[in-house]
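To start, the structure under review is shown below, and the notes come after it.
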Amino acid sequence: REATAVRRRRCAPPTRRPSPFRVIPQERARTACGMAGRAPPDGAAAGRGRELGVGPETARAQAHLRGAAPAYEGEFRVLQLDGVYRWRYVHGMCVRDADGNPLRMAGSVSDVDARRRAEDALRESQQRYELAIAASGSGYFDWHIPTDEYFASPRALELAGFPPDTPSITREEFLRGCNIHPEDFARWDAARTKVLNGTGDHASMELRYIVRGETRWHLIHGICGRDD
């Protein structure tokens, strides 16, 4: 009988210990993380970190707990009560004992959904624009006059006669390397000056480029945006 009792104790399933990682969220944090209106599983104010989508199983949290990162932070999509995932920014730091072991973590949750969706929409718009430009075989340029920042797309550089692997260049470098026929450059420079002086809002004309010793006709169109 005694041996049987020992075997039963050995075969009995181990008692499941509760996770030491607990989160006590404020009501605002519960709302941001899609927990508003839902009682925690144990009926108390505390809930498991996994409910917030920021449990210690995530790589960033683990890195911070190990001391490999100064803070735990990141932007995550969190499922809300209406069934929609929304972006939240989470930032936390842990308090450690004298040996460096983590004792507790405090942090904040912020709603960044509108910004992330705006960034995604802008990125998609830029991708569609670049695809349309690529399909037309055209190049494009952008000149920010107050800072003299200049951008020319790879296709624009190619059309102007620059090597395919040309890196980003300044406007002065572009003008020096862009070999416009002298007779046409004077016309383009006059039209561009009118736009910059405020007597026009765009300039458009066909110009001759000398590309690797060959004369080619290009249509150049520029539009000017102004401040308030």
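Separation of atoms CD1 (I145) and CZ (R171) is listed at 8.0 Å; rounding is to 0.5 Å. How far OH of Y129 is from CG of L122: 13.0 Å, rounded to the nearest 0.5 Å. One finds the OG atom of S138 at 7.5 Å from the CG atom of L159 (value rounded to the nearest 0.5 Å). The distance from atom CG of N179 to atom CZ of R216, rounded to the nearest 0.5 Å, is 12.5 Å. Distance check, rounded to the nearest 0.5 Å: CD of Q62 to CZ of R66 gives 6.5 Å. Atom CD1 of I223 sits about 5.5 Å away from atom NE2 of H221, to the nearest 0.5 Å.
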Working note: W188 + L207, criterion side chain to side chain contact (heavy atoms under 4.5 Å, CB included); need CA distance, chi angles, decisive distance, verdict. CA-CA 8 Å; W188 172 252; L207 306 174; 3.8 Å; yes
With side chain to side chain contact (heavy atoms under 4.5 Å, CB included) as the criterion, how do C224 and V195 come out once you've worked through the C-alpha distance, each side chain's angles and the decisive distance to 0.1 Å? CA-CA 7 Å; C224 181; V195 172; 3.3 Å; yes
Start with the C-alpha distance between F141 and F174, add both sets of side-chain angles, then the distance that settles ring-ring contact (aromatic ring centres under 6.0 Å, His included), and finish with yes or no. CA-CA 11 Å; F141 63 91; F174 182 82; 7.4 Å; no
List the steps and the verdict of side chain to side chain contact (heavy atoms under 4.5 Å, CB included) for D113 and R88. CA-CA 6 Å; D113 190 68; R88 301 294 185 252; 3.9 Å; yes
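Minimum heavy-atom separation, R155 to G137: NE-O, 2.9 Å. Between H91 and A71, the shortest heavy-atom contact is NE2-CB, 3.9 Å. Shown here for R117 and Y85, the closest heavy-atom pair between the two residues is NH2-O, 2.9 Å. Considering every non-hydrogen atom in both M93 and P70, the closest pair reads CE-O, 3.6 Å. Contact between Y72 and M105 at its shortest, heavy atoms only, is CD2-SD, 3.9 Å. Residues G139 and S153 approach most closely at CA-OG, 3.5 Å, considering heavy atoms.
Checked for salt-bridge contact, R116 and E75 meet the test: a charged N lies under 4.0 Å from a carboxylate O. Between R128 and E130, no side-chain nitrogen of the basic residue sits less than 4.0 Å from a carboxylate oxygen of the acidic one, so the salt-bridge criterion is not met. A salt bridge does not link E206 to R187: none of the charged side-chain nitrogens sits closer than 4.0 Å to a carboxylate oxygen. R86 and D111 are not joined by a salt bridge, as no carboxylate oxygen comes within less than 4.0 angstrom of a charged side-chain nitrogen. A salt bridge links R208 with E183; the closest basic N to acidic carboxylate O contact falls under 4.0 Å.
No side-chain donor-acceptor contact under 3.5 Å links S125 to the backbone of A121. A donor-acceptor pair under 3.5 Å is absent between the side-chain atoms of N101 and the main chain of D97, judged by distance alone. Checking side-chain atoms of E214 against main-chain N and O of V211 turns up no donor-acceptor pair under 3.5 Å. A donor-acceptor contact shorter than 3.5 Å links the side chain of H64 to the backbone of C94.
Environment of CZ in R96: crowded, with over 12 heavy atoms of neighbouring residues, nucleotides or ligands closer than 6.0 Å. Residue-environment remark: CZ (R104) stays at or below the threshold of 12 foreign heavy atoms within 6.0 Å. More than 12 heavy atoms of other residues, nucleotides or ligands shown are found within 6.0 angstrom of OH on Y140.
Put simply, W87 and L79 are part of two different groups of oily side chains (I, L, V, M, F, W, Y) that touch within less than 4.5 Å, one to the next. No continuous path of hydrophobic side-chain contacts links Y209 to L157 [ILVMFWY only; heavy atoms under 4.5 Å]. Residues W143 and I169 are members of one and the same hydrophobic cluster, defined by side-chain heavy-atom contacts under 4.5 angstrom among Ile, Leu, Val, Met, Phe, Trp and Tyr. Clustering ILVMFWY residues whenever any of their side-chain heavy atoms sit less than 4.5 angstrom apart, transitively, puts I133 in the very cluster that holds F151. Linking ILVMFWY residues whenever their side-chain heavy atoms come closer than 4.5 Å, directly or via other members, places I220 and I180 in the same cluster.
Proximity of V90 to F76: side-chain heavy atoms (C-beta onward) are separated by under 4.5 Å at one or more points. Side-chain contact check for P102 versus L65: some heavy-atom pair is nearer than 4.5 Å.
Taking D120 as the reference, R123 meet the side chain to side chain donor-acceptor pair (under 3.5 Å) condition, with sequence neighbours excluded. Residues passing the ring pair (Phe, Tyr, Trp, His ring centres under 6.0 Å) test with Y89, sequence neighbours excluded: none.
When only modelled atom types and interatomic distance are considered, E149 and T147 share a side-chain donor-acceptor pair under 3.5 Å.
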